[in-house]
Amino acid sequence: MTAETRPPADIDGIGHFVLRTGRLLLVYGASAEHVRRRVEEIAAGLGVGAELFINGERLLLSVSSSETYRTRIGRPIAGMGIDVGRFDALEKIAAEVTAGRIDFAEADRRIDALEQSAGLHPGWLVALAVGGTAASLVRLFGGDWPVVAAAFATGVLNTTFRRYFAGRHAHPVVAAFATAFLSGLAGALMLRAVPDVSPIMCLVAAGMILVPGVPLINGVGDLAAGHTGVGLFRLVTATVTVLAIGFALILAAMAVGDPLPVEIASLSIPLWQDFAFAGLASVGYAMLFNVPGRAVLACVLCGGVSHGVRTILLGAGLDLALGTLVAAFVAGLLARLSGRWLAMPWTTFAFAGTVAMIPGSFAFRAAAGGLHIMAEGARASPALVAETLSLVITTVFLTVSVGVGLVLSSLGRKQM
């Protein structure tokens, strides 16, 4: 059955399918603009017009033909992360429906199976990859090898706790708090056996791999595209999650008697290590994002090159925010080339390539500074207040720089 021969009465089926597809695209990591455009394209392919309104809670869809129109409200949106494997599969289902190769009943069955399916990668492999990401982040901070080893174990535990809470449908913010506290505490306790070694970098790495980088980046992109409601929703939700993670890390640090400081000394590492460990850090994110195996190497390339470019620019004296923007722009260009080569959405590579540049450590230290100011009140030193404000401003500017860099790389082209 083609779009031209589909009976007008099927507008209800069209509305149901299009709305469900749009909601899941949003849940699986698409930007609001991509969802709006794809909904209109799919509806047009099925012979009707469509208008979509998106906010952070539900989608509102109107579909119309020459005979009639329908307005539908979608189911509540449980959360907006990223799942590249399911995103790719959903787009293939939509293509088959618009081509008339399957009907709506078969599409619903396939989507049901997709929602209930396991990830593309076994859990043990994801845990090991995320452990490698945590260890790589510590090395990028200039951490010593004992801290790198503890961070690897922390990352494995982090993923185990994350999957445990997800399987019990815990609230995302509560799950992030508990995961950060438990894994961070475990890593800090491991390092108690190593004399004269601070667990702070290990704690920060435990939080970094939990930072909702994709919602932060997408939120900036949504605001830039004029989708204020969903953009603000993503940014506020991600900010609350980051604060919860930061508070958990502060509690874990206090529990081992080594409070999270506002200032953390970061040592430089050889440039080749910067490229290598930034690339390795992208592997864990690719696994978490359910990226197909054939695309993991491209994610490594995007992550390593973009972070290495930023390091080179900072060494040449460029400002951190501007260097991050340029590096994100480079990551976006590489992601576009990788997407064309592998016939996959460009954001598959862009997100994994830039999430390591999301300023989680700055945000956690800003939270620590805020707690110090709250405890000291009027006795808080001007230096502490200034440092905390500087961290807050740096966090905002770096997050915006990543989002803007990716947006600039997509100007004049369709984007996810």
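Worth saying up front: this structure is predicted, and the values here are computed from it rather than measured.
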| message | As an exercise, state the distance from CH2 of W145 to CZ of R139, rounded to the nearest 0.5 Å. | response | 4.5 Å
| Trace of the side chain to side chain contact (heavy atoms under 4.5 Å, CB included) decision for L251 with L185 | CA-CA 9 Å; L251 291 179; L185 180 62; over 6 Å; no
| query | Rounded to the nearest 0.5 Å, how far apart are NE2 of H34 and CD of E41? | reply | 8.0 Å
| request: Evaluate the salt bridge (charged side-chain N to carboxylate O under 4.0 Å, His left out) criterion for residues R110 and E106: first the C-alpha distance (whole Å), next the side-chain angles of each, then the deciding distance (0.1 Å), finally the verdict. | output: CA-CA 6 Å; R110 293 191 185 185; E106 175 61 21; 3.0 Å; yes
| N/O donor-acceptor pair under 3.5 Å between N218 side chain and G29 backbone | yes
| query | Within the side chain of T154, is there an N or O that forms a donor-acceptor pair under 3.5 Å with the backbone of A206? | reply | no
| task | Would you check if the side chain of S409 reaches a backbone N or O of L406 as a donor-acceptor pair within less than 3.5 Å? | result | yes
| remark: Separation between CG (L325) and CG (L318), nearest 0.5 Å, reads 9.5 Å
| From T21 atom OG1 to L26 atom CG, the distance as rounded to the nearest 0.5 Å | 12.5 Å
| remark: Between A328 and S401, the two heavy atoms sitting closest are CB-O, 4.1 Å
| What closest approach, in Å, do R23 and P76 show between heavy atoms, and which atom pair accounts for it? | NH1-O, 3.9 Å
| query | Are the side chain of D222 and the backbone N or O of A32 linked by a donor-acceptor pair below 3.5 Å? | reply | yes
| said: Between I209 and L288, does the side chain to side chain contact (heavy atoms under 4.5 Å, CB included) criterion hold? Intermediate values first, please. | reply: CA-CA 10 Å; I209 56 181; L288 281 175; 5.7 Å; no
| Do L61 and R70 touch side chain to side chain, with heavy atoms closer than 4.5 Å? | no
| said: Under a 4.0 Å threshold between the charged nitrogen and the carboxylate oxygen, would R36 count as salt-bridged to E33? | reply: yes
| query | If you round to the nearest 0.5 Å, how far is OG1 of T324 from CG of L398? | reply | 4.5 Å
| request: Step by step, work out the salt bridge (charged side-chain N to carboxylate O under 4.0 Å, His left out) result for E40 and R37. | output: CA-CA 5 Å; E40 293 180 356; R37 188 179 64 249; over 6 Å; no
| request: Please name the pair of heavy atoms, one in A127 and one in V156, separated by the smallest distance, quoted to 0.1 Å. | output: O-CG2, 3.5 Å
| query | Hey, are the side chains of V242 and P212 touching, using non-hydrogen atoms and a 4.5 Å cut-off? | reply | yes
| task | Determine whether L60 and I73 make a side-chain contact, defined as any pair of heavy atoms from C-beta on separated by less than 4.5 Å. | result | yes
| field | Approximate separation, where rounding is to 0.5 Å, of R109 CZ and I102 CD1 | value | 9.0 Å
| said: What I'd like to find out is whether the side chain of M80 reaches to under 4.5 Å of the side chain of V230, using heavy atoms alone. | reply: yes
| request: Could you tell me whether the side chain of V138 reaches within less than 4.5 Å of the side chain of F277, counting heavy atoms only? | output: no
| query | Do you know the tightest heavy-atom contact between A335 and C302? | reply | N-SG, 3.8 Å
| query | Can you find a heavy atom in the side chain of I111 that is under 4.5 Å from one in the side chain of F17? | reply | yes
| Side-chain donor or acceptor of D319 paired with backbone N/O of A321 under 3.5 Å | yes
| request: I would like to know whether D108 and R20 meet salt bridge (charged side-chain N to carboxylate O under 4.0 Å, His left out); could you show each step before the answer? | output: CA-CA 9 Å; D108 267 339; R20 187 180 188 186; 2.9 Å; yes
| said: In the structure I gave you, are the side-chain heavy atoms of V84 and F349 within less than 4.5 Å of one another anywhere? | reply: no
| task | Heavy atoms only: give me the nearest Y69-S64 pair and the separation to one decimal. | result | CB-CB, 3.6 Å
| said: Main chain of S183, side chain of N158: is a donor-acceptor contact present, judged purely on distance under 3.5 Å? | reply: no
| request: Taking R192 for its side chain and V256 for its backbone only, find out whether a donor-acceptor pair lies under 3.5 Å. | output: yes
| request: Please report the closest heavy-atom contact between R162 and L210, naming both atoms and the distance. | output: NH2-CD2, 3.5 Å
| Passing candidate, side-chain contact (heavy atoms from CB on, under 4.5 Å) with R38, options L52, L25, V18 | L25
| Would you say M201 and D144 make side-chain contact, with heavy atoms under 4.5 Å? | no
| Backbone N or O of G284 within a donor-acceptor pair of the T133 side chain at under 3.5 Å? | yes
| request: Decide yes or no on side chain to side chain contact (heavy atoms under 4.5 Å, CB included) for D274 and H307, but give the supporting numbers first. | output: CA-CA 7 Å; D274 189 279; H307 198 280; 3.0 Å; yes
| field | Flag, side chain of S338 to backbone of A298, donor-acceptor distance under 3.5 Å | value | no
